[in-house]
2 protein chains.
Amino acid sequence: MTDVARRAGVALGTVSNVLNYPEKVSPETVQRVRDVIDELGFVRNTNARDLAGGRSRTIGLSVIDISNSLFVDIARGAQNFAEETGLNVMIANSDNKLESQDASLSFFDGSRVAGILLAPMQDSRASIDRVRRHGRPVVVLNYDDGDDDTCRVLVDNELVGYLAAQHLISLGRTRLAFIGGRDNLQPVHLRRAGARRAVEEAGGRVTLEEIPTETLDPPSGAEVGRAIIGRPPADRPDGVIAVTDLLGMAIIQVFNGAGVAVPSDIAVMGCDHNSAAWGGTISLTSVQMRGLEMGREGLRLLIDEISTSRDEHVHQTVMLEPAIVARESTVGRSAVVQR
Amino acid sequence: MTDVARRAGVALGTVSNVLNYPEKVSPETVQRVRDVIDELGFVRNTNARDLAGGRSRTIGLSVIDISNSLFVDIARGAQNFAEETGLNVMIANSDNKLESQDASLSFFDGSRVAGILLAPMQDSRASIDRVRRHGRPVVVLNYDDGDDDTCRVLVDNELVGYLAAQHLISLGRTRLAFIGGRDNLQPVHLRRAGARRAVEEAGGRVTLEEIPTETLDPPSGAEVGRAIIGRPPADRPDGVIAVTDLLGMAIIQVFNGAGVAVPSDIAVMGCDHNSAAWGGTISLTSVQMRGLEMGREGLRLLIDEISTSRDEHVHQTVMLEPAIVARESTVGRSAVVQR
DNA sequence: GTGAAAGCGCTAACAT
DNA sequence: ATGTTAGCGCTTTCAC
């Protein structure tokens with residue numbers, strides 16, 4: 001910056017003003033300084049800027065698993081909003097390792113980022129507290145650790161299950177099956193509870209069969225699919241809710257290969273709108289988890305917390321409403337207007 | 001740090017030494033200072049550190065599209081290696097927008113990162129030159145712009161096609177089909193050329209049919225699949241190479257639904273080992289694009305360029321060898337040892 | 001082994 | 001409107 005000042009024949013402070021408060025400098029000086037900046041290819045040092053200014057324009061996003069499309073959506077949502085507000089989002093991936101998550105948080109802490117968006121892998125209050133004690137705001141995404149002493153953005157997973165079941169019921173299905181992983185996973189538990197509620201509300205005319213699976217991956221889905229096919233047609237469900245899209249996709253393919261028509265014989269749907277399951281020829285009905293909104297809302301809350309006086313900030317929890325995305329696997333080809 | 005020094009009853013410089021060169025400080029002092037650091041929850045300011053030290057321990061990774069699993073792999077490869085070397089990798093996603101890519105590069109430039117890994121969306125020499133003129137090393141990943149004035153890590157796409165065709169030929173298939181997008185895409189062009197070479201080498205006993213597609217997405221694959229099924233069995237290929245996994249997966253599902261057995265009637269394989277196509281019950285043979293190695297090698301080259309004296313550095317191109325990943329869709333279920 | 005002091009490249013308050 | 005200057009929190013000589 002000194003070089004720029006000398007070359008433009010002005011003082012250092014003037015260059016700074018041109019950069020930060022151009023309205024305080026005469027137009028011709030602004031022009032001259034800017035020309036020199038271009039000429040020299042000057043890029044101002046963000047570190048020094050943040051250090052001297054005592055603030056930062058970048059926020060850190062830490063996600064558990066960047067290969068899951070929900071987290072990719074979260075990142076994109078946050079970035080889009082950040083763009084509008086002149087902030088920068090840096091992504092750190094934890095690759096499902098808790099120690100990596102901690103390392104990322106420490107890195108962000110050391111970088112004196114303005115704030116942190118954290119989509120944690122499990123209860124991370126200890127790490128969060130540490131960072132926050134250093135005065136760095138943290139907003140938690142997609143994980144309910146029951147701590148309302150922090151801002152969070154969550155999706156109503158009970159409603160996810162409820163909407164899914166309701167969707168199938170509204171299509172006239174009466175023998176539902178809920179294919180889920182183990183119940184100790186928070187989202188699985190909640191979605192199952194929601195499905196039960198919808199079935200109960202339907203009175204006695206709808207039944208719900210619950211089939212647990214070992215994992216949430218395709219092989220488990222295929223296994224369940226084969227088990228269903230092994231039963232006499234009258235004994236099969238006519239509507240299947242898979243707790244993840246990957247599970248649902250695998251089930252569809254088994255049905256496909258066995259001549260069971262989807263959705264006419266059996267309607268199938270997933271619950272987490274995961275692009276990793278978009279490879280199919282039968283597009284999959286699912287429930288939108290609103291990753292984009294989650295990222296965007298999270299950043300909004302974070303900005304709010306950053307700019308509010310530290311003591312006066314009121315933490316809030318935003319509960320996002322999931323929404324059915326109806327596709328061919330439940331409503332059939334003709335009803336799908338656009339992919 | 002001043003607080004730490006005062007609380008520990010030592011000078012500022014000593015705290016710095018404890019942090020950076022503990023061997024230069026007496027053990028008891030080290031211990032005392034460290035205790036105070038823990039007690040105060042002190043985290044040193046990376047910005048100030050980099051500013052004062054004139055270097056940085058973080059490197060920037062800019063990818064075109066974080067929703068493509070190849071780029072996710074690249075990121076993970078780079079991060080794994082970075083962990084071993086005490087560096088930090090910050091990911092910036094460009095969401096397929098060229099202006100975002102430029103913004104990311106400028107951000108990294110302003111942050112004075114040690115170096116940049118760039119997986120660009122198209123010829124980006126202009127942007128690269130700008131950054132490099134500021135003395136910041138850049139390594140290009142997965143894109144061959146013909147510029148050997150930079151370090152690059154590429155995958156031999158011609159070999160991808162060659163290996164794919166060879167794999168099918170070695171399984172006794174003689175009527176191959178290459179299902180590709182438009183030939184103006186560099187990878188498509190190269191893979192097709194490789195497939196041709198393998199077929200030529202096989203002499204007259206193997207034929208290669210080339211079927212272009214509008215896009216590289218599932219719908220195009222399904223379309224081709226239906227076209228193939230529409231032909232009399234003797235007229236159909238017995239081995240299909242889809243230029244992307246998504247295409248391949250869609251084709252398999254069409255075959256599946258029509259009672260065409262994969263791989264016994266027709267073997268099908270993809271070419272880019274994309275996890276977005278892993279949802280199937282028939283696991284897909286593909287060609288490993290070595291994203292992890294790409295990230296790792298890229299970072300290795302980058303570190304080399306960073307530490308080498310600026311003038312003495314010799315740019316190099318690492319050409320990664322793709323490898324067949326044989327799965328059920330070509331070799332059948334029994335031959336697949338593990339997923 | 002430890003301490004003192006000069007910067008790193010900026011911002012922001014103040015002086016002109 | 002422009003120039004001057006004191007830090008921001010550290011690293012790094014160089015003395016002690």
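Below, chain A is the first sequence line, B the second, and so on; all start at residue 1. Predicted, not measured: the structure shown is a model, and the values here were computed from it.
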Could you list the residues that satisfy side-chain hydrogen bond (donor to acceptor under 3.5 Å, both in side chains) with B:N47, not counting sequence neighbours? none
Who passes ring pair (Phe, Tyr, Trp, His ring centres under 6.0 Å) against B:H315, sequence neighbours left out? B:H313
Short side-chain N/O contact to C:dG1 OP1/OP2 from B:S26, under 4.0 Å: no
Separation of A:R6 atom CZ from D:dG3 atom P, in whole Å? 14 Å
For A:R125, what residues pass the salt bridge (charged side-chain N to carboxylate O under 4.0 Å, His left out) criterion, not counting sequence neighbours? A:D123
Sorted by chain and residue number, the side-chain contact (heavy atoms from CB on, under 4.5 Å) partners of B:S69 (sequence neighbours excluded) come out as B:N274, B:S275
B:T29 side chain N/O closer than 4.0 Å to the phosphate oxygens (OP1, OP2) of C:dG1? no
Protein-to-nucleotide contact annotation, 5' to 3' order, nucleotides 8-16 of chain D [B base; S sugar-phosphate only; - none; under 4.0 Å, heavy atom]: BBBBB----
So, using salt bridge (charged side-chain N to carboxylate O under 4.0 Å, His left out) as the criterion, who are the partners of B:R57 when residues are at least two apart? none
